[in-house]
Amino acid sequence: MHSLDGKKIVVASHNEGKLREFADLMGPFGFEAKSAKAYGLPEPDETGTTFEENAYIKAFAAAKATGLPALSDDSGLCVDALDGAPGVYTANWAETADGTRDFGMAMQRTEVALQEVGAAEPGRRTGRFVAVICLAFPDGEAEYYRGEAEGTLVWPPRGELGFGYDPVFLPNGFDKTFGEMSAEQKHGWKPGQPEALSHRARAFQKFARARLGSA
Ligand code: IMP
């Protein structure tokens, strides 16, 4: 197994929301964590059909290009009444004709799909955010850490915080959507603390325990 002793890692993402969250999560571990964007790397096409495949494509591309270990996250929202959609296509649902991303439109599209299947009651609007973190090395060796956060889809969207689909996701046991939560509430986690809330923080927690010697 390769080591991370060099304390240098590439965060294989161009997504500003994810990069902010990774910077918070990596903070306590004393790593130099530079993003693939900061290295000027192109965004690889996500041609996989699973979170694991797409996480590997991103992490391996960054590791190969930089010669450093790379950490990526492939994530998405899986809605039960939509047979797990948008799932690995969560970012694609936000794509507009001019190639930009519009998450207001993506949330609306999810809502229209829920209405089409008659999912009005909260009990029929359940789903989860999934994040798979891949740690890949320049020679192609890779490992995976998965985190999930269960919740309910609400409409209309609530809150201006976070990113992506946060305003329509109400995590189980809370009365605030991810879009109404501070960064600390959504993904704050420090070594030694009990379980984090968000899917990404939960996946990161597994990675930190396995690889960073965290409690
Ligand atoms: P990908 O991992 O680059 O394929 O993109 C995943 C997409 O899922 C993002 O563009 C977001 O729209 C959505 N997503 C993933 N994690 C979160 C989250 O924590 N909050 C809101 N949306 C998220």
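For this chain, numbers begin at 1 and follow the sequence in order. We count ligands from 1, going down the list as the structure has it; atoms in each ligand are counted the same way.
The closest non-hydrogen atom to atom 23 (C) of ligand 1, taken over F103, F51, F129, comes from F129. For atom 6 (C) of ligand 1, the nearest non-hydrogen atom from the set G162, A91, S13, S75 belongs to S75.
The shortest N or O to N or O distance between T90 and ligand 1 is not below 3.5 Å. Residue-to-ligand polar distances place K18 within reach of ligand 1: an N/O pair is separated by less than 3.5 Å.
Shown in contact with D166 at under 4.0 Å from a heavy atom are these atoms of ligand 1, numbered in order with element: 18 (C), 19 (O), 20 (N), 21 (C). Taking every heavy atom of K58 and a limit of under 4.0 angstrom, the matching atoms of ligand 1 come to 1 (P), 2 (O), 3 (O). Below 4.0 Å from some heavy atom of G164 lie the following atoms of ligand 1, by number and element: 12 (O), 21 (C), 22 (N). Near D74, meaning under 4.0 Å from any of its heavy atoms, are these atoms of ligand 1: 1 (P), 2 (O), 4 (O).
Counting only heavy atoms of the protein, atom 16 (N) of ligand 1 lies nearest to R200 NH2, 2.7 Å. Scanning the protein heavy atoms around atom 9 (C) of ligand 1, the nearest turns out to be N15 ND2, 4.0 Å. Remark: minimum distance from atom 19 (O) of ligand 1 to any protein heavy atom is reached at K186 NZ, 2.7 Å. Nearest non-hydrogen protein atom to atom 22 (N) of ligand 1 is Y165 N, 3.1 Å.
Using bins of under 30°, 30° to 60° and over 60° for the plane-to-plane angle, the ring pair H2/F137 lands in the tilted bin. Between Y56 and Y144, the ring planes lie tilted relative to each other; the angle falls in the 30° to 60° range. Ring geometry for F169 versus F129: interplanar angle of 30 to 60°, hence tilted.
Residue R101 places no heavy atom under 4.0 Å from ligand 1. Contact annotation: H199 has at least one heavy atom less than 4.0 Å from an atom of ligand 1.
Heavy-atom neighbours of D83 CG from other residues, nucleotides or ligands within 6.0 Å: at or below the threshold of 12.
Between T177 and V168 there is no side-chain heavy-atom pair separated by less than 4.5 Å. Taking 4.5 Å as the limit, every side-chain heavy atom of P157 sits out of range of all side-chain heavy atoms of F103. Side-chain contact check for K186 versus L161: every heavy-atom pair is 4.5 Å or farther apart.
Note on R128 versus D80: salt bridge recorded, some NZ/NE/NH1/NH2 to OD/OE distance being below 4.0 Å. Checked for salt-bridge contact, E148 and R202 miss the test: no charged N lies under 4.0 Å from a carboxylate O.
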